[in-house]
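Just so we're on the same page: letters track the sequence lines, and every chain starts at 1.
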There are 2 protein chains.
Amino acid sequence: MGSIHAGVQKRSWKTRLEAKEKRIAQMKDITRDNIIPTNRIVEALENLITPGDRVVLEGNNQKQAAFLSEALSQTNPKKLYDLHMIISSISRPEHLDLFELGIAKKIDFSYAGPQSLRMAQMLEDGKLTMGEIHTYVELYGRLFIDLIPSIALVAADKADSAGNLYTGANTEETPTLVEAAAFRDGIVIAQVNELTDELPRVDIPGSWIDYVVVADKPYQLEPLFTRDPRHITDIQVLQAMMMIRGIYERHEVQSLNHGIGYNTAAIELLLPTYGESLGLKGKICKHWALNPHPTLIPAIESGWVESVHCFGGEVGMEKYVESRRDVFFTGRDGSLRSNRTLCQLAGQYAVDLFVGSTLQIDRMGNSSTVTSGRLAGFGGAPNMGHDPGGRRHSTPAWLNMMTHDDPLARGRKLVVQVAETFQTGNKPVFVESLDALDVKNDTGLATTPIMIYGEDVTHVVTEEGIAYLYKATSIEERKRAIEAIAGVTPIGLKHDVKRSDKLRKEGLIALPEDLGIRRTDAKRSLLAAKNVADLVDWSEGLYEPPMKFRSW
Amino acid sequence: MGSIHAGVQKRSWKTRLEAKEKRIAQMKDITRDNIIPTNRIVEALENLITPGDRVVLEGNNQKQAAFLSEALSQTNPKKLYDLHMIISSISRPEHLDLFELGIAKKIDFSYAGPQSLRMAQMLEDGKLTMGEIHTYVELYGRLFIDLIPSIALVAADKADSAGNLYTGANTEETPTLVEAAAFRDGIVIAQVNELTDELPRVDIPGSWIDYVVVADKPYQLEPLFTRDPRHITDIQVLQAMMMIRGIYERHEVQSLNHGIGYNTAAIELLLPTYGESLGLKGKICKHWALNPHPTLIPAIESGWVESVHCFGGEVGMEKYVESRRDVFFTGRDGSLRSNRTLCQLAGQYAVDLFVGSTLQIDRMGNSSTVTSGRLAGFGGAPNMGHDPGGRRHSTPAWLNMMTHDDPLARGRKLVVQVAETFQTGNKPVFVESLDALDVKNDTGLATTPIMIYGEDVTHVVTEEGIAYLYKATSIEERKRAIEAIAGVTPIGLKHDVKRSDKLRKEGLIALPEDLGIRRTDAKRSLLAAKNVADLVDWSEGLYEPPMKFRSW
């Protein structure tokens, strides 16, 4: 049988391991153990990384391995060049400096919110090569298929001498990035705030980590999910009332995800007041895939919330979470255990409903937050904001979306888009054509960067009312329902009163009065907390808001 | 501000922790550390579990926590009853004995292959309450939302005295099940084959584990993904040639998942022969989400495969994988690191193509492996076998599925169904109505248990040819294309030659001759390995097949 593969050339099957060992051997003048001295990190990176390497750098919308990204930007471009960077969220200036300096060449990413303008400009100027724009979980998936990293640069709170990592509340994407590199003979370098003899718990085993470095300052952490109730408007209260009544109650929504936004913060703050008055406690909104939103505190304190699983942590919520461990996922040490990968998975497959805000919606219900000149990416919204075709289990809300009795009919995930008909600056949200189409043409993207596709949207909510798009039996009907709640935007002006009355009767749209809501009742006074101080009070002083949210 | 929540009653926020501490206190006569004596496991389970508990028991289609499931079935039903079991795969008799004995009451699961007949019978007899049928990842997702376990019973290879676990090649779903329980004040009990002072690597940190017990014998492990090339037929060779030519080459499929089956094994074994002759090496089939299939060995040895990420291990492939670490994900110790959750995520979002076999296809392309009287469940197929609506990045194959130039057009995942027109026993695969419809009616399921929905299927392959369903512009055209390749089944007999010629010209179907394949060339002699001994030879003796696959 030897003849079968006689022609096959002998090759090494451990080239990745050999490359790793060679690089580690170059480190002997810098460190003899796994701890890199803080002041020698630049040199260490120059030894451990090789031109052309695929480097995954931790940086999502909350936690940033800032010490490592700064150090990488200080390496010598004659030594390190043509790196292929993989970054969930391009959030810090040096993420793009790497390309200006010639250290990095290609980028694959999910989100570029804070750097989206510069990103688009650099792409236009040919200063970087763009791979693809992903959702978080797509990018994580590719780390195990065709974007396997050689280097992982990540951040944790603490390490012990064996390299075990403690991430505290902000485990987030760290274990997934580390797993992809560590188990393919890649090199994993973790910046930590502190070295310690004994960790509160182990979040990532030391045998997955090659080097630890103590950062010059704690990793950057953004309080991204904190919304000050002071900024919630009466209109947002009205929309929140409609959603509680016309969506959550009507479809019996028991498990859900809320994104960032004042609209959803308003819902959270109305549960203990308006929701309570409707007798809905224990019937809706029991299980959440959600960051620890401060605006959820009153609902938790009032007994609405059975469980919250978190993508990441939230600055200031640490002590509160520890004191409410019946509700949150926590370690033995009591601090939050978040996990972006698992929460995105749960948010996709295991919850009834997703709500997102948007900047533009077209007549078909397609929406995007991409606007001209900005390449913002997607984050996690498209993953949670679609009807997952792989789902097979049912819940009451999911089944409630069935509109016909075809023997093969199935339910749907509720995907809700909420917006006021005009953005600030008097720009209409409802448009004939999305800016995303121009962005596609300007940047040469293979497809138009749509955040949420109209076919996935079950409900659109504006200050005018709710369009129950899942009930539409034709494209024409879908358009009419959107027009009917699009206010005085150019799209909204197409609607006519007679047709809208018909849509109301058929249940394709509902106005506040159809839901038993008086517009005059929709007041900020209904909010369970009117400002951050109220949230602190609800939390019995356990919530410690960052300085910028304090007015006292 | 105190008045805001004056009416809220004081409650404990650590009831789960208190319950856990109470149970652990009851263990002091059995163990003073975290090691439960093997012969006291039944007693330990009676102390640690409480009636009504939600218990997640490790048991997927490969690895089984058999010692723990047997012990649980030996507990006293007067002490332990009404348990709510969560089991990925109901594979062992005692999984259902638990219900006969009254220890357990309700079941949520993904797959029940080996026990599907008894399962259906017990459901009919009212001996168990069924929750929902899921895909693997849906079930994992719910562990963090509304099916949070109080108890996790899992299996690993080795533990050290701190409870750190080494899972070797079979990490599979263990970390995910453990994370759900450990971080919600649940109790985690791991059976291990062996206690040791030093682990080869840590797969799960000891601070996530409450108790370790040495099992009386190693955990059960099924060689589920081993296909003996002897059983591959000439017809399967023909189908494999068509798929390589008409799908993989045509659409430039670079990353993919293959399920269990002789059809896909044939493709794997044709890459180094037929694929090589077409000059396709380096162009297709480079990145795999796949268990370590023995039939992939010749393609790996011939340099076709750049990477393989695995759901689980495969019995006998351990040494081979360790010696091919450039291709597989391995730990520092060299053994495979599998991860069912991450591989399912990658298989959903990060690969170009999924291929599945099926037992029944209807005229619309819907398919199911559910047959009357059996409640088999779904496993992972629906997760990978659909077009993920949340995907935003593109690849050449994905873009190749775009059939129109609408500005919002996007690509699709390739979802291929392969079947011979008749099953063994002369049962037609193409049917007017799926048995799954009867199963729905018989069991009272909320929806019909469809494995893969027709709307997700891009290609159907039979021995007659390929139907390119993604090109169909109407339901009628889709039906015609399926009829044209359905042979002499009642569905196939509806086709007429003229219409088929038209479909061929339009590229909606392709017969072997349209792909440059002569039926007479499709011979087993083309297979790179004709039997298991050939596979061993290709592997340079590193593959060690289980006894039942040895004929020497």
Requested in this report: Would you check if the side chain of A:Ser307 reaches a backbone N or O of B:Ile145 as a donor-acceptor pair within less than 3.5 Å?
Outcome: yes
Query raised in the report: Is a side-chain N or O of A:Asn383 found less than 3.5 angstrom from the main chain of B:Gly390, in a donor-acceptor match?
Result: no
Query raised in the report: Does A:Thr448 reach the main-chain N or O of B:Leu408 with its side chain, forming a donor-acceptor pair under 3.5 Å?
Result: no
Query raised in the report: Which bit of A:Ser110 is near chain B, if near means a heavy-atom gap under 4.5 Å: side chain, backbone, both or neither?
Result: neither
Report summary line: Of all heavy-atom pairs linking A:Ile300 and B:Trp13, the shortest is O-CH2, 3.2 Å
Query raised in the report: Which bit of A:Trp288 is near chain B, if near means a heavy-atom gap under 4.5 Å: side chain, backbone, both or neither?
Result: backbone
Query raised in the report: With a 4.5 angstrom heavy-atom cut-off, which part of A:Leu139 approaches chain B: side chain, backbone, both or neither?
Result: neither
Query raised in the report: Side chain of A:Glu132, backbone of B:Ser394: donor and acceptor closer than 3.5 Å?
Result: yes
Query raised in the report: Got a sec, which residues hit side chain to side chain donor-acceptor pair (under 3.5 Å) with B:Arg412, two or more places apart in sequence or on another chain?
Result: none
Requested in this report: Using modelled atom types only, decide if a donor and an acceptor are shared between the side chain of B:Arg325 and the backbone of A:Asp185 within a distance under 3.5 Å.
Outcome: no
Report task. Would you mind checking which part of B:Thr341 comes under 4.5 Å of any heavy atom in chain A, side chain (CB onward), backbone (N, CA, C, O), both or neither? Result -> side chain
Requested in this report: Could you pull out the closest heavy-atom pair between B:Pro205 and A:Pro205, with the gap in Å?
Outcome: CG-CG, 4.0 Å
Report task. For each of B:Arg16, B:Lys440, B:Met364, B:Arg337, tally heavy-atom pairs with chain A at distances under 4.5 Å, and name the one with the top tally. Result -> B:Arg337
Requested in this report: Let me know if B:His393 has heavy atoms under 4.5 Å from chain A in its side chain, its backbone, both or neither.
Outcome: both
Query raised in the report: Side chain, backbone, both or neither: which part of A:Lys286 has a non-hydrogen atom closer than 4.5 Å to chain B?
Result: neither
Query raised in the report: Which atoms of A:Glu455 come close to chain B, meaning under 4.5 Å heavy atom to heavy atom: side chain ones, backbone ones, both, or neither?
Result: side chain
Requested in this report: Check each atom of A:Arg332 against the heavy atoms of chain B and say whether the ones under 4.5 Å are side chain, backbone, both or neither.
Outcome: side chain
Query - Structural part of A:Gln348 lying under 4.5 Å from a heavy atom of chain B - result: side chain
**Report entry** Proximal component of B:Ala289, with respect to chain A [non-hydrogen, under 4.5 Å]
**Finding:** both
Requested in this report: For the residue pair B:Asn339 and A:Glu179, confirm or rule out a side-chain donor-acceptor distance under 3.5 Å.
Outcome: yes
**Report entry** A:Arg184 side-chain N/O to B:Val327 backbone N/O, donor-acceptor pair under 3.5 Å
**Finding:** yes
Requested in this report: Please look at A:Asn257 and chain B and tell me whether the side chain, the backbone, both or neither of the residue comes under 4.5 angstrom of a heavy atom of that chain.
Outcome: neither
Query raised in the report: Does any donor atom in the side chain of A:Ser255 or B:Asp146 lie under 3.5 Å from an acceptor atom in the other side chain?
Result: no
Requested in this report: Test the B:Arg410-A:Tyr453 pair against the cation-pi criterion, namely NZ or CZ under 6.0 angstrom from the six-membered ring centroid and within 45° of the ring axis.
Outcome: yes
Report summary line: Taking every heavy atom of A:Pro407 against every heavy atom of B:Leu437, the minimum-distance pair comes out as CB-CD2, 3.4 Å
Report task. Answer with side chain, backbone, both or neither: which region of B:Asp387 has an atom nearer than 4.5 Å to a non-hydrogen atom of chain A? Result -> neither
Query raised in the report: What are the two closest non-hydrogen atoms of A:Val202 and B:Trp208, and how far apart are they?
Result: O-NE1, 2.8 Å
**Report entry** Test item: A:Arg392 side-chain N/O and B:Met451 main-chain N/O as donor-acceptor pair under 3.5 Å
**Finding:** yes
